[in-house]
Amino acid sequence: MRRTTYIQALNEALREELQRDEDVFLIGEDIGHYGGLFRVTRNLLDEFGEKRVLDTPISEQAFMGMALGAAIVGMRPVVELMYMDFTLVAADQIFNQIAKYRYMTGGLLKAPLVIRGQQGGGKHYGSQHSQSVDSLYAHFPGIRVVAPATPYDAKGLLKSAIRDDNPVAFLEHKMLYFTRGEAPPPEEEYLVPIGKADVKRAGSDLTIATFSYCLLQALDAAESLQQEHGIDCEVVDLRTVEPLDTETVWESLAKTGRLLAVHESYANCGVGAELVARAYEEAPHLLRAPARRLGMAPVSIPVSRALEEEALPWKEEIMATVLEMSRR
Amino acid sequence: MRRTTYIQALNEALREELQRDEDVFLIGEDIGHYGGLFRVTRNLLDEFGEKRVLDTPISEQAFMGMALGAAIVGMRPVVELMYMDFTLVAADQIFNQIAKYRYMTGGLLKAPLVIRGQQGGGKHYGSQHSQSVDSLYAHFPGIRVVAPATPYDAKGLLKSAIRDDNPVAFLEHKMLYFTRGEAPPPEEEYLVPIGKADVKRAGSDLTIATFSYCLLQALDAAESLQQEHGIDCEVVDLRTVEPLDTETVWESLAKTGRLLAVHESYANCGVGAELVARAYEEAPHLLRAPARRLGMAPVSIPVSRALEEEALPWKEEIMATVLEMSRR
Amino acid sequence: MKQAERALHTQTMPDGLAQPRAEADAQTGGSLLHASITTNALPSESKSAIEVPELDIELLLDMYRKAVLIRLLEKALLAAAEEGQIGGAMHTAIGHEANAIGAAYALRSGDYITCTYRGHHHGIAWGMDPGRSIAEVMGRSDGFAKGKGGSMHFVSPQHGMMGANGIVAAQVPHAAGLALASHLRGESKVAITFFGDGAMFQGVMHETFNMAAKWKLPLIFYCENNRYSEMTPIWRTSSIEDIYLFPRAYGMASMQIDGNDVEVVHAAVSQAAERARSGYGPTFIEGITYRLAGHMAGDLETYRPPEEVEKQQAHEPLTVLRKKLLARGVEEARISEIDEEVDEAIDEAVSFAETSPWPDAAETYLDVFSESTSEES
Amino acid sequence: MKQAERALHTQTMPDGLAQPRAEADAQTGGSLLHASITTNALPSESKSAIEVPELDIELLLDMYRKAVLIRLLEKALLAAAEEGQIGGAMHTAIGHEANAIGAAYALRSGDYITCTYRGHHHGIAWGMDPGRSIAEVMGRSDGFAKGKGGSMHFVSPQHGMMGANGIVAAQVPHAAGLALASHLRGESKVAITFFGDGAMFQGVMHETFNMAAKWKLPLIFYCENNRYSEMTPIWRTSSIEDIYLFPRAYGMASMQIDGNDVEVVHAAVSQAAERARSGYGPTFIEGITYRLAGHMAGDLETYRPPEEVEKQQAHEPLTVLRKKLLARGVEEARISEIDEEVDEAIDEAVSFAETSPWPDAAETYLDVFSESTSEES
Ligand SMILES: Cc1ncc(C[n+]2csc(CCOP(=O)(O)OP(=O)(O)O)c2C)c(N)n1
Ligand SMILES: Cc1ncc(C[n+]2csc(CCOP(=O)(O)OP(=O)(O)O)c2C)c(N)n1
Ligand SMILES: [Mg+2]
Ligand SMILES: [Mg+2]
């Protein structure tokens, strides 16, 4: 298979869906004539015109609300938030409106739209441009939350997200944009289903359940743990955070008996805590040691690289936690 | 001791703090000339004037941001959100600004302000006027989160919140407003410290850790469990959600060996999951059965009383879960 | 207190914050000539500059029927709320009827509307069934949203009613999105969105004004200016005197009209819809009106004197319309007949709602997610 | 595609969404007379209507020194970013210097400022140390915020710099809050807040305009209009042609000025500050300016032609100020001396920053919460 970057995979997914369904349109800041701050929407305005790729003012609340309005009559808007931190600027439209519209209308209306953009740390953007919002989105019922880690999954999941009849938060990660991976060429269309986890590394000693860029960190940690400590981790890529594919996690847990959930959003009231709580609700008999979670430290994400590294729940911290869990 | 309503307790706390410290001012919608939709700020404009009790337009983002601006030069704004659901309208100012200001400025500035208002279900207000936002606030580091259940605690904690040098989310509950409880008269000043849980019912079989209106439901459930099933629950009123007083909870757990966390915000990525995760991090040896949590069902909170009841994690659900946990 | 130390500000702010014009005027006995947003002005004193053609008498009678229907429905709901049959926040539109009716009749089937929590009048004007509407407010299974949305979330896509909203101003960008969909699809559908005077200062209004004006969306912004934002008179928090002039800052066409006269509203909305359909973009209409009942059920109305409400009765929508009909030769009897008919219809609607079953507990968990995708739907 | 079906819209929207005036004009060869917000206008072509007194020559020389300091500091930072010493989003203010300097010198010690992520020039103009500023951008422990805030969060309360912000427009209500504090305490302090042309359509701007105007807060809204919002020219998304006229909708005083001339800026801000201190409330200043470098470090500037940038060089702040000084009899040598002095100062500042230690890992966990209360603080 050919290799492609994560950005290229996203661009292809958007292009193919714009071609497939004329109800699909893109809306956001700098996405049209310029092609997106991170070039995800590059060339799409040229190909599809100003009525399919809409450049907006810096008015996240309005264009998020407009996306909802268009979606309830069957359009399929794909909204770019330049940084996922701006979720907070449009939070009313996202969580009080989009997430709830189907429910409040007793199912009369649905809101098939995608909110996409990049999140995460590692590039020293500081407190307001580095947050991971997966746990925030997952807390509110009504929005699917997807966070693929590979170009293959990114393309397949973005296409699924656009076709899904629910609102979907599609969370990219700034550290993934230039990573490369295998993906079939555009002629060979494929979809990756929302809600299915994927075992990215088989192992027998401990299950690491994670997603987005943390997956790469976890895989890296797993290699080192294997080589340096002989600990064989299974790494489950959740890919979707809402709904959580706990079935796949419990299957893994049945083998390993140990669970560590890892994510870059804040640990406090995060997806990791959720997975731990569900493990004790649904599969306590599988656990041979206390389940654990790792997330971003409870700080506002500093700019200084010396500090940012410390706050991120990446390789070193994953290794340290696995080692600690293995000693029990 | 005299008995007072929850609303009266809040009103007294505001009055006393306005009197004590001229840097304190109140800001919000309908709070001045009218005295607040729920009458919490009643009569305060008359007593303190328009410069201490400020009526705003429906501009939650602006007045939240203004509160921050005033706070960083030492004023102590108390912001009323008429419904805590409107947190989402001002989310950028609350979570990207207020929560982070101290950190982003390396401690040069602090933001001593209080965001207060009522949350919760039970009165058929529907999806956009019934949400509990405690877990949301707790997810972001930098804001203390307080949710007292009794008039005594409400008064003492609100006074502490106003004096605290951190931003504090002070979460009231619409079902608590007209409840009564004992509290010393205004002459006898007292404070309740932020960050200290309180055992509201002693018991030996199982620990229910909860707060806000769920405390009343839990106490009620505990009585019924005692009488109908001979199960003796200890009920810990967390009172503060950030920071969590886990010490008091583990102390209780040391007696009971069983933990159920209950709250009205969504279960998914909620405070309950957090408490479960911490129990396995910090005190797994104390647990004699899987720790559990209960929260709002993952639905947008329906208006119909037949449905709202079903969604709320109240007495019946608490009892059912405790019984299930006791059978293990 | 430090208040005595205030030095430089005393001149213009003698006592607390900046003084509102109306208050200042009242104190100085000054005139309110330039302040159209006063609590005392009658809707008929609005600055309408449009031509208002007389409507066909049968159409007017139909409108009258709708107006009475809304009025009695609201009264029935208030009574039910008092009996404890309705919880939450229920806002009635008594006094606002003409804004909804004039607009509904000016638009076409296929056009869209979004509105606020104060939306019963819009629902009924747009054709929603009174029985199912009351059932919705009561949380019964025959409600349009099966009782899930209640009073604040009236919705009926088949009637073009795309949703009332509990968050002030949130429905406004939704309407812009509906207008955008119409535009992108090359349809000639128009969207109208209703909001209050108090909503003017939500940030999202500004964002939507700009985008709608810039993109020339087929959209009508309709402000039902009843001069109060809950219990606070609008002059206490607004820096603008004439709401209808504000949108001109975006190059938008706008007008201030008598929102209590169905003919005036009909003419204004027709004109705006015509502009929208011809590609000239959005129009802003300020309909001056007055809320004769409380902000919501249970409101004790301590914030306004009874005389103020009394004065407004002189120009309330039903009175205006009844006078109009009589002046144009309609018999009193015909009007009374309608009154009685509607009275009965409402009784029936209430019984329908009261006997509608509660939704099943299992319903709680439905409608969160859809299981379908674009291929299937 | 359905685009051919568009019927009614073709007249005014021949090709996609509503066409911006400037684009339409360009196509028709029409004039841009009424479009002050064009990319091509020079700041000197702005509609300033204020009196601009000549400033003392020593003061101007001081301002010149500051301007060069900012310019060279920004260049040093761009170089360091290119070397990989700086990550994240670093926005420089090359071309914007005069807006900051003119304003800083017009205000008093004790006054407050908030600004955007493009805030280095403000920090330096307000007196922040260049070495510690660079250290902050580099994430070093000697930075004002110990490297935690970086380029987008310049802060130094002792200088009145109350915070730059990474969220477009978020700093604007903060300044209103500072002005409110001054007002409530009866102080005569003024707050100024800087934001871009692109920020105009964030909802919070509207909310703050209204509240500041209503409460007559001692506040100056200063829009640095560089005609671009990141890579998008402002005319592509704005429905208003003249930014400075917009705030008049709130009854606010406003002016459009040459933001590249320190004297003009100084005069405008002085006048606004005087109004504010006298209790007349906020003033809106639109400073026409131009960003000569990319939106942020690494910007390839594919979205504007080099000739456009070239044209603007003719009226960039340093050129304007140098010409002014020469015209008023200052020797070339005196100017070169300053250039050299500053050059050295920047070298020193860079070394200071580069040798400043990284903050301790333990620092990561500090400054989230304060342990003190009002009694102790
Ligand atoms: C964002 C938000 N803030 C506050 C409220 C509470 N609230 C409900 S109605 C209302 C007043 C609205 O006044 P106006 O827009 O004039 O409409 P009216 O009720 O007069 O029809 C307020 C403040 C809300 N629902 N949403
Ligand atoms: C709420 C929000 N939306 C988007 C961005 C991304 N962004 C950063 S700067 C910018 C352009 C701002 O343009 P303008 O206000 O003109 O200021 P300038 O950069 O030209 O100085 C954008 C869109 C942001 N930081 N915050
Ligand atoms: Mg109103
Ligand atoms: Mg700009």
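Values reported hereafter were calculated over all heavy atoms of this structure, with side chains retained and with hydrogens, waters and symmetry mates removed. A note on names: the letters A, B, ... follow the listed sequences, proteins ahead of strands, and every chain is numbered from 1.
For A:E17, no part lies near chain C; criterion is any non-hydrogen pair under 4.5 Å. Interface remark: A:I27 contributes side-chain atoms only to the contact with chain C (heavy atom separation under 4.5 Å). With a 4.5 Å cut-off on non-hydrogen atoms, A:Y101 touches chain C through its side chain but not through its backbone. If you measure heavy-atom distances from C:Y112 to chain A, the contacts under 4.5 Å come from the side chain alone. Only the side chain of A:L68 comes within less than 4.5 Å of a heavy atom in chain C; its backbone stays farther off.
Distance NE2/C:H183 to NZ/A:K51: 4.5 Å, rounded to 0.5 Å. Atom CZ in A:R52 sits 9.0 Å away from atom CG in C:L184 (nearest 0.5 Å). Here the CG atom belonging to C:L366 is positioned 9.0 Å from the CZ atom belonging to A:R102, to the nearest 0.5 angstrom. To the nearest 0.5 Å, the span separating CD on A:E242 from CZ on C:F369 amounts to 4.5 Å. Within the model, atoms CD of C:E371 and CG of A:N166 stand 7.0 Å from one another, a figure rounded to the nearest 0.5 Å. Atom CG of A:L108 and atom NZ of C:K148 lie 10.0 Å apart (nearest 0.5 Å).
Summarising the geometry of A:G142 relative to C:V368, their closest heavy-atom pair is N-CG1, 3.8 Å, with the distance given to 0.1 Å. Taking every heavy atom of both residues into account, A:G74 and C:R185 meet most closely at C-NH2, 3.4 Å. The nearest pair of heavy atoms linking C:S370 to A:R144 is O-NH2, 3.9 Å. Annotation for C:N210 and A:P57: closest pair ND2-CG, 3.6 Å, computed over non-hydrogen atoms.
With chain C as the partner, the residue from A:E60, A:M64, A:Q93, A:M66 showing the most heavy-atom pairs under 4.5 Å is A:M66.
A donor-acceptor pair is defined here as one N or O able to donate and one able to accept, closer than 3.5 Å; no such pair exists between the side chain of C:K214 and the backbone of A:T56. Under a 3.5 Å cut-off, the side chain of A:Y103 and the backbone N or O of C:T364 do form a donor-acceptor pair.
Of residues 127-145 of chain C, those residues lying under 4.5 Å from chain A by any heavy-atom pair are C:F144, C:A145. Using a 4.5 Å cut-off between non-hydrogen atoms, the part of residues 159-179 of chain C that approaches chain A consists of C:M162, C:G163, C:N165, C:I167, C:A170, C:P173, C:H174, C:A176, C:G177, C:L178.
In terms of the ring-ring contact (aromatic ring centres under 6.0 Å, His included) criterion, A:F25 has no residue partners (sequence neighbours excluded). For A:E189, the salt bridge (charged side-chain N to carboxylate O under 4.0 Å, His left out) partners two or more places apart in sequence, or in a different chain, are A:K159, A:R163.
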If you apply the rule side chain to side chain contact (heavy atoms under 4.5 Å, CB included), what do you find for C:M152 with A:M104, and how did you get there?
CA-CA 10 Å; C:M152 294 203 279; A:M104 293 190 302; over 6 Å; no

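A:L54 places a side-chain heavy atom less than 4.5 Å from the side chain of C:L180.
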